[in-house]
Amino acid sequence: MRTLALVVALSAACALAHAEDAPAFDALLRQAQANAPRLLESAANVRAASAQARQAHAWPNPTLGVTAEDIGAPRSSGQNQRQDTYSLTQVFEIGAKRSARIEAEERGSAAVGARERVARLAYAGELAMAYATAEAMQLRREVAVAELQRARDDLRAAHALVTAGREAQLRLAQAQANTSAAEASLEVASAAAADALERLSALAGAAEPYTRIGQPFLIKAALIQPNAQWQAADAPLLASAAADLAAASAQARAEQNRWLPDVGVTVGMRKYAWSSDKSATVGISASIPLFDRNKYGADAARERAASAAQRLQAARLETAAAHRSALIQVAAARRQLQAAEQGETAAAEAYRLARIGYEAGKTSLLELLTVRRAANDARLQTIDAQLARVRALATLSMAEGRNVFGVSP
């Protein structure tokens with residue numbers, strides 16, 4: 001057993017040697033903006049859409065043609081009748097076809113950018129929740145450690161009282177059972193804390209997992225207040241829906257103009273085999289919209305634009321409702337936190353007095369355990385209330401279109 005304990009201790013020491021505290025949330029968010037795979041993916045999509053919009057400005061490539069005529073034709077007066085023509089054809093889009101196509105790509109690129117801003121804001125809120133959860137699990141583990149220490153203190157006190165004949169042997173068994181339960185709770189809390197840190201590390205794009213939260217975040221987040229100057233136009237979801245509508249409308253105009261013919265202008269040179277003379281050639285070609293005028297393609301694009309318009313209208317209603325709901329949640333979380341803190345203070349004082357009474361032989365062990373459990377639960381409720389406050393603020397952050405935690409996403 002001693003060998004096993006030594007191995008475990010050495011393993012823990014090695015782990016601590018490579019341990020890395022998570023930086024403060026502001027610094028972590030800045031690092032994540034440069035390293036997080038999810039944000040890097042969104043940024044790549046924006047660059048791709050921007051490149052596609054620039055590509056839309058390019059002119060079609062010209063076509064080089066070579067035509068050989070009268071190959072093997074009967075000779076006339078002993079002369080070869082072959083003619084070789086070299087031509088260069090450039091296609092031009094007429095009407096508003098080109099400008100509509102370019103506008104559709106540019107509007108689509110803007111819509112991708114708007115969605116990327118929504119994704120960044122949502123990521124900031126998710127990272128804040130992951131950071132707060134990791135800190136909350138760490139605090140719950142600290143509570144479990146303190147609870148185990150108190151249980152061991154109570155076990156020693158119970159042993160002394162039983163030895164002195166002031167408590168029955170049953171009380172010693174109760175104290176031992178309570179200590180075992182505290183040890184089990186510590187294991188559960190430790191596992192939850194490790195899991196939360198792993199999730200935070202993965203979300204932040206950290207190369208090595210963090211081992212603890214070194215900078216308090218829950219207390220700082222509890223001081224954040226809503227923005228009194230908020231306007232619905234600031235909501236990112238509304239801006240994204242508006243950008244989608246603009247893109248869909250531009251695409252509808254491009255589809256309406258797609259049936260317009262493309263005109264090809266050809267210039268070339270013809271060479272006559274029998275005399276080696278040359279002559280210039282000029283030609284014009286155009287596609288004839290006889291069978292396909294893109295009617296249904298234009299209808300589909302118009303319906304998609306109508307759908308985008310309805311999404312924008314829904315976004316307006318949902319944005320206002322989401323903001324009102326977020327404000328209610330933030331206010332409720334603030335009151336919950338205040339009540340939890342007051343309850344924790346009262347429960348801690350009750351346990352202090354019960355402990356004094358137990359050591360003086362005036363309070364039973366069963367009563368002490370009950371009071372201590374209430375103090376422990378009160379502390380956990382405060383931690384849960386702090387986490388609920390951060391969750392409400394993350395919802396408000398998304399509704400208001402700003403990172404309320406202090407860093408621009």
Side-chain angles (χ1 to χ4, degrees), residues 40-73 80-117 119 240 242-305 307-308:
L40 294 179
E41 177 189 0
S42 297
N45 290 334
V46 172
R47 292 193 299 271
S50 178
Q52 192 68 35
R54 291 193 299 272
Q55 180 62 36
H57 289 264
W59 289 92
N61 291 323
T63 301
L64 177 65
V66 179
T67 304
E69 302 178 48
D70 295 334
I71 299 176
N80 189 351
Q81 300 299 305
R82 177 173 174 172
Q83 302 177 44
D84 296 328
T85 304
Y86 304 90
S87 62
L88 191 67
T89 303
Q90 177 64 57
V91 175
F92 296 93
E93 297 169 298
I94 63 175
K97 185 175 182 179
R98 172 180 166 80
S99 61
R101 176 174 55 80
I102 292 175
E103 182 188 9
E105 292 293 346
E106 290 178 343
R107 295 289 187 178
S109 176
V112 172
R115 288 193 291 272
E116 194 259 354
R117 287 188 290 274
S240 179
D244 286 340
L245 174 58
S249 300
Q251 186 62 43
R253 289 190 292 271
E255 292 293 334
Q256 290 172 0
N257 294 331
R258 181 165 293 185
W259 69 271
L260 294 174
D262 294 332
V263 175
V265 178
T266 303
V267 294
M269 181 269 293
R270 178 169 296 170
K271 180 181 179 181
Y272 303 95
W274 62 85
S275 64
S276 297
D277 290 338
K278 300 176 182 178
S279 63
T281 62
V282 178
I284 297 179
S285 63
S287 59
I288 302 175
L290 181 61
F291 301 110
D292 182 10
R293 296 176 65 89
N294 199 36
K295 178 181 183 302
Y296 297 110
D299 289 345
R302 281 193 294 269
E303 291 300 330
R304 284 192 288 269
S307 174

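Predicted model only: the values in this text are computed from it and were never measured.
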Practice problem: Decide yes or no on side chain to side chain contact (heavy atoms under 4.5 Å, CB included) for R115 and D244, but give the supporting numbers first. | Solution: CA-CA 9 Å; R115 288 193 291 272; D244 286 340; 2.6 Å; yes
Practice problem: Please name the pair of heavy atoms, one in G113 and one in V46, separated by the smallest distance, quoted to 0.1 Å. | Solution: CA-CG2, 4.1 Å
Practice problem: Inspect the contact between D262 and K97 and indicate whether a charged nitrogen and a carboxylate oxygen are less than 4.0 angstrom apart. | Solution: yes
Self-check item: Where P261 and S287 come nearest, the two heavy atoms and their spacing
Solution: CB-O, 2.9 Å
Exercise. Spell out, as yes or no, whether a donor-acceptor pair under 3.5 Å connects the side chain of R101 to the backbone of A56.
Key: yes
Quiz item: What is the minimum heavy-atom distance between I94 and L260, and which atoms define it?
Solution: O-CD1, 3.9 Å
Quiz item: Got K271 and Q83 here, is their nearest side-chain heavy-atom distance under 4.5 Å?
Solution: no
Exercise. For A252 and A301, work out which heavy atoms get closest and say how close.
Key: CA-CB, 3.5 Å
Practice problem: Go through Q251 and Q256 one step at a time and tell me if the side chain to side chain contact (heavy atoms under 4.5 Å, CB included) criterion holds. | Solution: CA-CA 9 Å; Q251 186 62 43; Q256 290 172 0; over 6 Å; no
Exercise. Over all heavy atoms of both residues, which pair between A305 and A248 is shortest? Give the atoms and the distance, please.
Key: CA-CB, 3.7 Å
Quiz item: Ignoring hydrogens and geometry, is there a side-chain-to-backbone donor-acceptor pair from S99 to A96 under 3.5 Å?
Solution: yes
Quiz item: Any side-chain heavy-atom pair from R98 and I102 closer than 4.5 angstrom?
Solution: yes
Exercise. Taking only Lys NZ, Arg NE, NH1 and NH2, and the carboxylate oxygens of Asp or Glu, determine whether R54 and E105 approach each other closer than 4.0 Å.
Key: no
Quiz item: Which heavy atom in L88 sits nearest to a heavy atom in P62, and how many Å separate them?
Solution: CD1-CB, 4.1 Å
Quiz item: Does a side-chain N-to-carboxylate-O contact under 4.0 Å join R82 and E69?
Solution: no
Exercise. Please lay out, stage by stage, how Y272 and S279 fare under the test side chain to side chain donor-acceptor pair (under 3.5 Å).
Key: CA-CA 9 Å; Y272 303 95; S279 63; 3.1 Å; yes
Quiz prompt | CZ on R47 to CD on E116, rounded to 0.5 Å | solution = 9.5 Å
Quiz item: Passes side chain to side chain donor-acceptor pair (under 3.5 Å), T89 versus T266? Steps please.
Solution: CA-CA 4 Å; T89 303; T266 303; 2.7 Å; yes
Quiz item: Would a distance-only check, ignoring hydrogens and angles, find a side-chain to backbone donor-acceptor pair under 3.5 Å from S249 to L245?
Solution: yes
Quiz item: Is any side-chain heavy atom of R302 closer than 4.5 Å to a side-chain heavy atom of E255?
Solution: no
Self-check item: Approximate separation, where rounding is to 0.5 Å, of K278 NZ and T85 OG1
Solution: 12.5 Å
Quiz item: Does W259 reach the side chain of D292, with side-chain heavy atoms less than 4.5 Å apart?
Solution: no
Quiz item: Are there more than 12 heavy atoms of other residues, nucleotides or ligands under 6.0 Å from atom CZ of R107?
Solution: no
